[in-house]
There are 2 protein chains.
Amino acid sequence: MRSNLATDQETVGAADAPELPSVRQRAVLDAVLGLMVEDGDQLTMDAVARRASCSKETLYKWFGDRDGLLTATVQWQASRVHAGRDAVQSLDGATLREHLQDFAVTWLTVITSESSVALNRIAVAHAGSRKSNLGGIVLANGRFAIGERVKPVLEAGRAAGLLAFADSEAAFRTFFGLVGRDIQIRLLLGEVLDLDGDEIRRDAGRAVEQFLALYGRAEP
Amino acid sequence: MRSNLATDQETVGAADAPELPSVRQRAVLDAVLGLMVEDGDQLTMDAVARRASCSKETLYKWFGDRDGLLTATVQWQASRVHAGRDAVQSLDGATLREHLQDFAVTWLTVITSESSVALNRIAVAHAGSRKSNLGGIVLANGRFAIGERVKPVLEAGRAAGLLAFADSEAAFRTFFGLVGRDIQIRLLLGEVLDLDGDEIRRDAGRAVEQFLALYGRAEP
DNA sequence: CGCGTACCGTACCGTACAGTACGCCGGGTA
DNA sequence: TACCCGGCGTACTGTACGGTACGGTACGCG
């Protein structure tokens, strides 16, 4: 069921069928991303077609309509973010810390990236008008995806006697708050923060320490 | 040239001059708010004029252009949020807790309100395109305004030996994160959360306890 | 070779919406 | 009474943009 029999690509990203885009289609989606980042409101179908050197008719054939194109773009961007799902075993305090640090760094890197900011802006704007659930998709691939990856780690930490909490969702949300703080909303509202790698690592470290201070147990 | 009495209202909310709107103008701005909340993208100048029973020409006369109207609306909404600035004196542990609880409840109430969500959506969407700094205004009246109100309390708490921190801005940002967590982004992206008063109070209480666990000092 | 298919480029259509022009009314002033 | 003038309603203009139609080109296949 893979691509490259260059025949009859159907509408991509249409709600249920996540049928991955062909190479050419991915190029189009990258063009969309590029336009979003450069100038959020210059995202017209004409501009996309020009940038991607394809015809509008092809865009409509592949993606149905403008919303379809945006949806496909969101999913394409999402698909290259959550790379690996890591199995958790044998946690000691150091590896727990390490895992959490990793998550925090990853998350901060994502939300401070230009493409994430641009994408979230589009999705937020879209959420205002009903129809076409871009916001839901972004949430599912961002906030909720990371939650589903972190919670098993937290639970493993609890199983190993390193953490104490009743509700892993609540614990995760606290972690989320400690990591993100006001960063995302400030970026979305147009403030320029540019954190470099060091700053992100420092921030992540602080968040992890605070989280462990709240939920950690003295290691046996 | 002009008799500057109750006549001759100039353009409102034009960048520098915060010249507060007249009663009639406030009614217009309320109409804008109403439209925003009801259906974010139905916010056309025609719709506003119809809703407020005024002519478009008047809108343009008063507010210059669409951005001016939006800006004035944001400022109008902001002006009725931060009601009182409370002088801080004689903090003991209980009143510190109480103050923080108050801030947290206020903030959660604001960010979960429909008008705030709608307004932030507009501002975020606007921040994508340059020109007209709606995002900055929202930040200044939201995130930063609350920060400026909380930090003196934190510093008073430190002066009273109840809190320990080096940087009040950093401490506040942690507080902010603990209070807001993922709520605002989820709402902006279209999730429906509707927290009632009880839930907000519980949430606020948890955040305050966590903050004090991180920054509190055993009271002498 | 002719035929179908996939796609590009461009011209085109309809509509929505920001912004403008103008006629009319009602109330304040003399 | 006459006359301003602020503001209402509505009709109008220009344009940007989503979506469609169509001609032209390259390529694979019988």
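Numbered from 1 within each chain, the chains take letters A, B, ... in sequence-line order.
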inquiry  = For a quick check, tell me whether the side chain of Lys56(A) and the base of dG19(D) share a donor-acceptor pair closer than 3.5 Å.
reply    = yes
message = Under the side chain to side chain contact (heavy atoms under 4.5 Å, CB included) test against Thr112(A), which residue among Leu193(A), Ile200(A), Asp203(A) passes?
response =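 Only one option passes, and that is Ile200(A).
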inquiry  = If the threshold is 4.0 Å, N to carboxylate O, is there a salt bridge linking Arg51(A) and Glu38(A)?
reply    =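 A salt bridge is present here (some side-chain N lies under 4.0 Å from a carboxylate O).
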What is the distance from [atom1] of [X] to [atom2] of [N], rounded to the nearest Å?
X	N	atom1	atom2	answer
Arg66(A)	dA16(C)	CZ	P	16 Å
Asp41(A)	dC17(C)	CG	P	16 Å
Asp39(A)	dC17(D)	CG	C1'	15 Å
Tyr60(A)	dC22(D)	OH	P	17 Å
Met45(A)	dA11(C)	CE	P	19 Å
Glu57(A)	dA11(C)	CD	C1'	12 Å
Asp67(A)	dG19(D)	CG	C1'	13 Å
Leu43(B)	dA16(C)	CG	C1'	14 Å

key: N/O donor-acceptor pair under 3.5 Å between Arg121(B) side chain and Ser129(A) backbone   = no
ask   = For Trp62(A) and dC7(C), is the shortest distance between a side-chain N/O and OP1 or OP2 below 4.0 Å?
value =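 Affirmative; the distance criterion is met.
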query = Would you say Thr44(B) reaches dC17(C)'s phosphate, i.e. side-chain N/O to OP1/OP2 under 4.0 Å?
reply = no
query = Is Arg24(A) touching bases, backbone alone, or none of the nucleic acid, heavy atoms closer than 4.0 Å?
reply =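 Counting heavy atoms under 4.0 Å across all strands, the contact made by Arg24(A) is with sugar-phosphate only.
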query = Who pairs with Asp67(A) by side chain to side chain contact (heavy atoms under 4.5 Å, CB included), at least two apart in sequence or on another chain?
reply =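 Asp67(A) satisfies side chain to side chain contact (heavy atoms under 4.5 Å, CB included) with Asp65(A), Leu70(A), His126(A), Lys131(A), Ser132(A) once adjacent residues are dropped.
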query = Toward the 5' end of DNA chain D, which comes first, Asp46(B) or Thr58(B), by nearest nucleotide?
reply =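 The residue whose closest nucleotide sits nearer the 5' end is Thr58(B).
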